[in-house]
**Q** 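My questions will all concern the structure given below.
Since this is a predicted model, take the numbers as computed values, not measurements. Computed from heavy atoms alone, side chains included, the values below leave out hydrogens, waters and symmetry copies.
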Amino acid sequence: MVNLSKRFGGFVALENISLSVPAGERLGLIGPNGSGKSTLVNCICGTLRNEHGMVRFDGRTLDGLPAHRRTHLGLARSFQLPRPFVSLNLIDNIRIPLLYTVEGRGKHHSTSDIEDRCHKLLNEVGLGAKAQQLPRDLTQVEMRKLELARAMAAEPKLLIAMKRWRA
């Protein structure tokens, strides 16, 4: 992103922020409440529109593209507060974003491939044994793991994982 700026009325949330994240790199944003971390992520992911500057990803300008189009291009994020589908078990909570992004990219996988991928993702975050449980049966830590697995299901090129830290 280059010279990204976002205002809320007279409040400047972001001003001329430039950032580049090379492939394979991990980057952490640390700052106090109200410093613009979530606003920055929301501008990158398309939840908010930036007033100035541009968001570029994988050689393409994303300005004006809605969040779902950015997801199809390879951007995914988790949320600070997990937002699972509460009436669906964990495996189905993974299946939905997996199908959405796979189909949105024009790929087709067999039902057994999708099922295997869902189980693999749940195993990767340590929830494999709870695949048939509902989100309400999870601890808060497990809910965060489910949220991460849902973001990973989008098979992103860039994964932005949101975590609220307490001092």
Side-chain angles (χ1 to χ4, degrees), residues 1 6 19 21-49 55 57-58 60 62 65-167:
M1 88 193 94
K6 176 67 181 168
L19 176 68
V21 181
E25 185 171 314
R26 292 180 185 181
L27 173 72
L29 297 176
I30 300 171
N33 289 343
S35 64
K37 300 177 302 292
S38 293
T39 300
L40 179 64
V41 168
N42 287 331
C43 286
I44 293 169
C45 294
T47 308
L48 292 175
R49 293 184 94 149
V55 176
F57 175 69
D58 207 19
R60 180 178 180 158
L62 303 182
L65 288 180
H68 72 277
R69 293 275 299 128
R70 295 176 192 214
T71 300
H72 285 152
L73 293 172
L75 278 173
R77 66 163 307 172
S78 65
F79 291 88
Q80 290 179 5
L81 300 175
R83 301 175 180 178
F85 298 105
V86 295
S87 63
L88 300 178
N89 64 25
L90 302 193
I91 201 82
D92 288 337
N93 262 277
I94 302 300
R95 184 179 289 115
I96 289 171
L98 182 59
L99 287 172
Y100 176 76
T101 54
V102 166
E103 296 298 321
R105 292 180 185 143
K107 298 179 185 176
H108 300 287
H109 295 291
S110 70
T111 303
S112 65
D113 287 343
I114 295 289
E115 191 76 12
D116 289 346
R117 179 76 177 131
C118 291
H119 282 286
K120 182 176 186 253
L121 285 165
L122 286 173
N123 283 328
E124 282 183 36
V125 298
L127 295 175
K130 298 186 176 200
Q132 297 304 320
Q133 291 185 359
L134 294 174
R136 70 173 177 239
D137 299 326
L138 300 179
T139 67
Q140 196 60 32
V141 170
E142 290 170 333
M143 287 285 279
R144 288 191 181 276
K145 289 179 179 183
L146 175 61
E147 184 69 13
L148 179 60
R150 287 167 31 99
M152 291 167 52
E155 299 177 353
K157 295 176 186 175
L158 176 63
L159 172 61
I160 301 173
M162 300 291 289
K163 167 84 170 90
R164 180 173 290 170
W165 297 92
R166 295 191 183 132

**Q** Starting at CG of Leu159, measure out to CE of Met152 and round the result to the nearest 0.5 Å.
**A**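 Nearest 0.5 Å value for the CG-CE distance: 7.5 Å.
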**Q** Below 6.0 angstrom between ring centroids: does that apply to Tyr100 and His68?
**A**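 Distance test on ring centres: not under 6.0 Å, no.
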**Q** Which pair of heavy atoms, one from Cys118 and one from Ile91, lies closest together, and at what distance?
**A**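 Between these two residues, the closest heavy atoms are CB-CD1, 3.4 Å.
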**Q** Distance check, rounded to the nearest 0.5 Å: Arg49 atom CZ versus Lys6 atom NZ?
**A**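 Taking CZ in Arg49 and NZ in Lys6, the distance rounds to 9.5 Å.
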**Q** For Ile30, does the CD1 atom sit with more than 12 other heavy atoms under 6.0 Å from it, leaving out its own atoms?
**A**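 Atom CD1 in Ile30 is not crowded, with 12 or fewer foreign heavy atoms closer than 6.0 Å.
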**Q** With no hydrogens and no angle check, is any side-chain donor or acceptor of Ser78 less than 3.5 Å from a backbone partner on Met162?
**A**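 Yes; at least one donor-acceptor contact below 3.5 Å.
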**Q** Has Arg70 got a side-chain atom pairing as donor or acceptor with Leu65's backbone, closer than 3.5 angstrom?
**A**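 It does hold such a pair.
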**Q** So, do Leu134 and Ser87 sit near enough that their side-chain heavy atoms are less than 4.5 Å apart?
**A**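 No, too far: nothing below the 4.5 Å cut-off.
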**Q** Atom CG of Leu81 and atom CE of Met143: how far apart are they, to the nearest 0.5 Å?
**A**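 Taking CG in Leu81 and CE in Met143, the distance rounds to 9.5 Å.
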**Q** So which heavy atom on Gly128 is nearest to which on Asn123, and how close?
**A**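 So the minimum-distance heavy-atom pair works out to CA-OD1, 3.1 Å.
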**Q** The test is side-chain contact (heavy atoms from CB on, under 4.5 Å); show your working for Asp58 and Leu75 and say whether it passes.
**A** CA-CA 10 Å; Asp58 207 19; Leu75 278 173; over 6 Å; no
**Q** Hey, could you give me the CG/CG distance between Leu73 and Leu158, rounded to the nearest 0.5 Å?
**A**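 One gets 12.0 Å once the value is rounded to the nearest 0.5 Å.
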**Q** Do Leu40 and Leu29 pass the side-chain contact (heavy atoms from CB on, under 4.5 Å) test, and can you show the C-alpha distance, the side-chain angles, and the key distance before you say yes or no?
**A** CA-CA 10 Å; Leu40 179 64; Leu29 297 176; 3.6 Å; yes
**Q** May I ask you to decide whether Asp137 forms a salt bridge with Lys130, counting only side-chain N to carboxylate O separations under 4.0 Å?
**A**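 Result for this pair is no, no salt bridge flagged.
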**Q** Measure from the side-chain N and O atoms of Asp92 to the backbone N and O of Leu88, and report whether any donor-acceptor pair falls under 3.5 Å.
**A**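 No, Asp92 side chain to Leu88 backbone: no donor-acceptor pair under 3.5 Å.
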**Q** Is there side-chain contact between Glu142 and Thr139, with heavy atoms separated by less than 4.5 Å?
**A**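 Contact flag for Glu142/Thr139 side chains = yes.
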**Q** Got a second to check how far Ile94's CD1 is from Leu146's CG, nearest 0.5 Å?
**A**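 Ile94 CD1 to Leu146 CG: 5.0 Å, rounded to 0.5 Å.
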**Q** With side chain to side chain contact (heavy atoms under 4.5 Å, CB included) as the test, pick out the partner of Arg117 among Ile114, Leu121, Asp113.
**A**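 In the set Ile114, Leu121, Asp113, the residue that makes a side chain to side chain contact (heavy atoms under 4.5 Å, CB included) with Arg117 is Leu121.
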**Q** Can you confirm whether the side chains of Thr101 and Glu155 place a donor and an acceptor under 3.5 Å from each other?
**A**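 Judged by distance alone, the side chains do not pair up.
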**Q** If you compare all heavy atoms of Ala151 against all heavy atoms of Ala76, which two are closest, and at what distance to 0.1 Å?
**A**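 In this case the closest contact between Ala151 and Ala76 is O-CB, 3.6 Å.
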**Q** To the nearest 0.5 Å, what is the distance between CZ (Arg77) and CD (Gln80)?
**A**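 Answer rounded to 0.5 Å: 8.0 Å.
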**Q** Taking the six-membered ring of Phe57, is NZ or CZ of Arg60 closer than 6.0 Å to its centre and within 45° of its axis?
**A**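 That pair does not qualify as a cation-pi contact.
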**Q** Determine whether a donor-acceptor pair (N or O, by modelled atom type, separation under 3.5 Å) exists between the side chain of Asn89 and the backbone of Gln133.
**A**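 Judged by distance alone, no pair lies under 3.5 Å.
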**Q** Yes or no on side-chain contact (heavy atoms from CB on, under 4.5 Å) for Arg95 and Glu115, after CA distance, side-chain angles and deciding distance?
**A** CA-CA 8 Å; Arg95 184 179 289 115; Glu115 191 76 12; 2.2 Å; yes
**Q** Identify the two heavy atoms, one from Lys145 and one from Val125, that lie closest to each other, and give their separation to 0.1 Å.
**A**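 Distance-wise, the nearest heavy atoms are CD-O, 3.0 Å.
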**Q** So Arg136 and Val86, do their side chains get closer than 4.5 Å, heavy atoms only?
**A**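 They are not in contact (no side-chain heavy atoms under 4.5 Å apart), so the answer is no.
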**Q** Are any of the side-chain nitrogens in Arg150 or Glu147 under 4.0 Å away from the carboxylate oxygens of its partner?
**A**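 Between Glu147 and Arg150 there is a salt bridge, with a charged N closer than 4.0 Å to a carboxylate O.
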**Q** Regarding Thr39 and Asn42, do their side chains bring together a donor and an acceptor under 3.5 Å, going by distance alone?
**A**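 No, no side-chain donor-acceptor contact under 3.5 Å.
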**Q** Test side-chain contact (heavy atoms from CB on, under 4.5 Å) on Val41 and Thr47 and set out the steps.
**A** CA-CA 8 Å; Val41 168; Thr47 308; over 6 Å; no
